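Let me begin by presenting the structure, written as structure tokens, before commenting on it.
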Amino acid sequence: MAQRDSKILLLKNLNAVQKQAVEQIDGPNLILAGAGSGKTRVLTHKIAYLIERKKVKPENILAMTFTNKAANEMKERISQLLKGTIKGLWLGTFHSICARILRKNCEKLGYTGNFVIYDDSDQLSLLKTIIKELEIPKDEQLKPRWVRSKIKNIKNSNKTIDDYLEGSYSFADEYLEDIYYKYITRLQQNNAMDFEDLLLKSNELFKLFPSVVKFYQNIFQYILVDEYQDTNRLQYELIKAMGGKRQNISVVGDDDQSIYRWRGAEIRNILDFKKDFPTCKIFKLEQNYRSNENILKIAHSIISHNINRMEKELWTKKESGERATLKIAYDNFDEANFIVQKIIEETHNNQRNFSDFAILYRINAQSRSFEEALKNHTINYVVIGGIRFYERKEIKDILAYLKILVNQKDSVSLKRIINYPTRGIGEATVTKIDKFSQQQKITFFQALGKIDKIDSIPKRKQETIFQFYKLIQKYIGLKGTVAVSELITALIENLGIFSSLKEEGSIESLNKIENIRELILGINEFIKRNPDLSLEHYLENVALITDVDNWDKSANAVSLLTLHSAKGLEFPVVFITGMEEGLFPLGRNMETDEELEEERRLFYVGATRAKEKLYLSAKKYRRMNGETSTCTISRFLTEIDKDLIEVQDLTYNQGKTQGRQISKPKRIYKFEFEDNSSPTEKLRPGILVRHERFGIGVVRKIEGREENIKANIIFEDVGEKNIVLKYCNLEIIK
DNA sequence: GAGCGGCCTTTTTTT
DNA sequence: AAGGCCGCTC
């Protein structure tokens with residue numbers, strides 16, 4: 001009886017194709033799932049089906065996703081289906097699954113289980129040190145960021161540096177090789193892995209140790225992969241290796257939603273799945289349950305122009321819906337005001353909540369003008385992503401202390417905090433210690449313990465450094481005996497972080513205090529929820545988590561996020577903004593077909609996040625550096641079926657430009673107000689002002705109080721800078 | 001010489 | 001918001 005119930009429950013909410021896809025459990029299978037076609041539903045039902053109907057043990061199932069959010073959602077939905085939490089299921093992001101495997105096995109590769117994970121900024125600071133040490137001539141190309149992206153490419157494609165540089169002997173490449181070798185050695189010395197290493201080292205582990213790979217092949221009887229179109233070479237190889245002889249691999253994906261090529265995703269993985277796994281079965285999910293017909297048609301009329309794609313067209317039983325609106329805006333403020341107006345209109349006319357809206361853009365920095373406009377109209381909003389919590393300076397500083405307590409070899413974190421709070425130890429001193437530690441073949445931390453042997457550092461400074469060393473030693477000792485929450489509270493107290501921030505008294509420093517408090521709460525929460533896990537697990541969790549993962553759906557607020565973060569979410573009304581700017585936000589032309597293709601996919605993904613209504617906006621077609629840029633919007637207009645959208649262009653008048661053409665460069669003028677009229681009341685950021693000579697500008701930032709107020713105002717360039725003015729010279733427009 | 005603070009410029013997208 | 005650069009101070 002119980003079995004019949006669960007059978008009904010498990011399969012009754014599926015359509016015919018979904019059902020087939022769920023029931024096909026053996027061998028490789030590819031589930032092509034268009035946006036909103038029930039991808040997660042199939043995955044979760046399949047896992048539930050395996051456990052409930054096929055009596056597969058949860059610990060024999062591996063499901064890998066791209067985000068923690070997707071993983072959590074799946075976890076939740078599976079336990080709903082099976083009426084109870086499932087223990088032992090391997091469900092997580094590629095990176096977290098790999099981290100788990102590596103924690104257990106990394107000693108075989110010369111690491112210890114307490115290794116730390118370096119994020120992008122840690123990577124960057126390590127590369128800076130290396131570039132400096134190698135005394136590399138200053139070169140446009142050999143900037144740390146350039147090197148980092150090269151290294152990421154090499155690792156993600158699972159190539160050796162030799163393969164990568166084959167046949168290329170440019171000036172920069174020769175140095176790149178030196179940097180690369182030093183970088184990977186240094187990572188290992190620091191007992192640290194970067195994001196790519198999590199995948200790369202797991203793969204290495206499987207290649208080098210047949211017994212290990214056999215062990216995991218035995219465990220992972222069934223493998224499920226989400227967002228397969230965004231896997232890179234390494235992930236592809238991992239999946240293949242883990243699948244072993246059985247090859248019970250179900251991958252779910254949609255080539256039309258591949259938007260991560262820039263970080264190594266290879267669309268060939270999904271396009272060539274049939275070649276890689278000749279016995280595979282293919283299921284196509286084309287019924288869309290999310291959007292109305294009009295939105296699907298818009299998305300399709302764009303994506304169908306792509307060259308490398310499997311033909312498919314989504315359909316829906318829903319009504320056709322309203323036409324989308326394309327607003328050509330005059331500038332940022334016009335664009336933002338249009339959106340605010342529409343939100344107000346929709347909330348009044350259609351009784352929508354603020355949480356029904358999402359504003360999507362390409363880059364996080366674009367959120368500013370929307371934030372200002374929403375703030376001015378007292379509309380609640382949340383920015384998702386952007387400056388991520390764990391990437392804030394004050395948070396990273398505290399985390400660096402914790403990392404050192406866990407892993408003393410981590411010289412990147414150690415250098416970060418050796419002068420935080422300021423102890424008078426600058427770059428020059430750090431370099432001296434670095435040299436010494438390399439001569440002596442000891443770690444940076446060990447060198448601090450022998451600081452009296454470095455003669456070139458004055459005695460007083462040696463004493464300061466030794467105090468720092470003893471401080472760290474003390475907390476390493478405490479770590480084993482005291483609860484983590486007490487440890488961190490004591491540490492922060494000891495460092496006097498709160499008191500010095502309080503002394504500063506600025507809004508920023510108060511914010512920082514709040515953030516650190518939140519961090520402490522978060523740590524305590526984590527420890528409470530996972531009593532058997534330690535500090536290093538917390539740090540791993542922090543390194544792999546993102547803001548979208550913490551996104552709170554219940555708050556009644558407009559969501560602001562990038563198109564990339566919007567993946568997998570859905571909203572009744574979606575605004576896609578900044579469309580004129582193309583793949584490169586600075587208005588550069590899209591140079592290759594590939595770039596254009598990826599741009600279309602982004603738009604498609606953005607469009608299909610909308611359930612009911614879609615608004616598009618673009619700023620006025622403009623000139624950059626004297627040259628005309630190729631705009632996404634003009635391409636868009638040539639490709640889209642005109643019946644599907646309503647174009648609103650109030651900036652054009654009979655084909656001619658009305659008003660001024662906005663040209664680069666703009667310049668920010670700093671005004672200092674000398675009177676005591678306290679203009680901050682009216683002069684808030686986002687307010688438009690008119691100046692008799694400079695024309696119309698917008699306030700970007702206000703600083704200071706009562707006397708000596710400074711305001712940053714953006715005007716077009718009129719050739720002067722930093723002008724001191726009286727408040728009365730500005731007329732406030734709104 | 002070293003460190004520090006202020007000012008200016010620049011910012012793709014994410015695990 | 002944060003890194004780079006410059007000038008000021010100990």
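So you know, we letter chains A, B, ... as the sequences are listed, proteins then strands, and number each from 1. Every value quoted in this text rests on a predicted model; they were computed, and no experiment measured them.
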May I ask you to decide whether A:D120 forms a salt bridge with A:K152, counting only side-chain N to carboxylate O separations under 4.0 Å? yes
How close or far is atom P of B:dT14 from atom CD1 of A:I117, stated in whole angstroms? 19 Å
Please assess A:Y260 against A:H564 for the test ring pair (Phe, Tyr, Trp, His ring centres under 6.0 Å), listing each intermediate value before the final yes or no. CA-CA 9 Å; A:Y260 284 103; A:H564 284 91; 5.2 Å; yes
Quickly work out the A:E598 CD to B:dT13 P distance and round it to whole Å. 14 Å
Judged by nearest nucleotide, the residue sitting upstream toward the 5' end of DNA chain B, A:A428 or A:H564, is A:A428
Counting only side-chain nitrogens and oxygens, does A:K432 get under 4.0 Å of the OP1 or OP2 atom of B:dA2? yes
On the nucleotide B:dC4, are OP1 or OP2 found under 4.0 Å from the side-chain N or O atoms that A:N419 carries? yes
Which part of the nucleic acid does A:K512 contact within heavy-atom distance under 4.0 Å: base, sugar-phosphate only, or nothing? nothing
Most 5' of A:E391 and A:R145 on DNA chain B, judged by nearest nucleotide: A:R145
Kindly say if A:K461 contacts the phosphate of B:dG3, meaning a side-chain N or O under 4.0 Å from OP1 or OP2. yes
Would you check if A:W262 stacks with the base of B:dT13, given a 5.5 Å centroid limit and a 30° plane limit, both strict? yes
Under 4.0 Å from OP1 or OP2 of B:dG3: is there any side-chain N or O of A:T422 that close? no
Looking just at side-chain N and O atoms, do A:S125 and A:K415 make a donor-acceptor pair shorter than 3.5 Å? no
Can a donor-acceptor pair be found between the side chains of A:N158 and A:R233 at a distance below 3.5 Å? no
Between atom NZ in A:K143 and atom P in C:dG4, what is the gap in whole Å? 11 Å
Could you check which of C:dG3, B:dT13, B:dG3 has an atom nearest any side-chain atom of A:T429? B:dG3
Contact class for A:F94 vs. all strands (heavy atom < 4.0 Å): base, sugar-phosphate, or nothing? nothing
Separation of B:dG5 atom C1' from A:K393 atom NZ, nearest Å, is 13 Å
To the nearest angstrom, how far is A:R416 atom CZ from C:dA2 atom C1'? 11 Å
Does A:R103 make a cation-pi contact with A:F115 (under 6.0 Å, within 45 degrees of the axis)? yes
When rounded to whole Å, the CG to C1' distance for the pair A:L124 and C:dG3 reads 10 Å
When you measure from the side-chain N and O atoms of A:T67 to the phosphate of B:dT14, is any distance below 4.0 Å, counting only OP1 and OP2? no
Need one value for A:S96: base, sugar-phosphate or nothing, where a base atom within 4.0 Å counts as base even if backbone is also close, heavy atoms only. nothing
Give a yes/no answer on whether the side chain of A:S565 brings an N or O atom under 4.0 Å of OP1 or OP2 in B:dT14. yes
Taking only N and O in the side chain of A:N364, is any of them less than 4.0 Å away from OP1 or OP2 of B:dT11? no
With sugar-phosphate meaning primed atoms plus P, OP1 and OP2, does A:L199 contact a base, only sugar-phosphate, or nothing at under 4.0 Å between heavy atoms? nothing
Please enumerate all residues that pass side-chain contact (heavy atoms from CB on, under 4.5 Å) together with A:A400, with sequence neighbours excluded. A:S413, A:R416, A:I417
Tell me what A:K152 touches on the nucleic acid: a base, only sugar-phosphate, or nothing, going by heavy atoms under 4.0 Å. base
Round to a whole Å and report the spacing from CG of A:D120 to P of B:dT14. 11 Å
Quickly work out the A:N156 CG to B:dT14 P distance and round it to whole Å. 16 Å
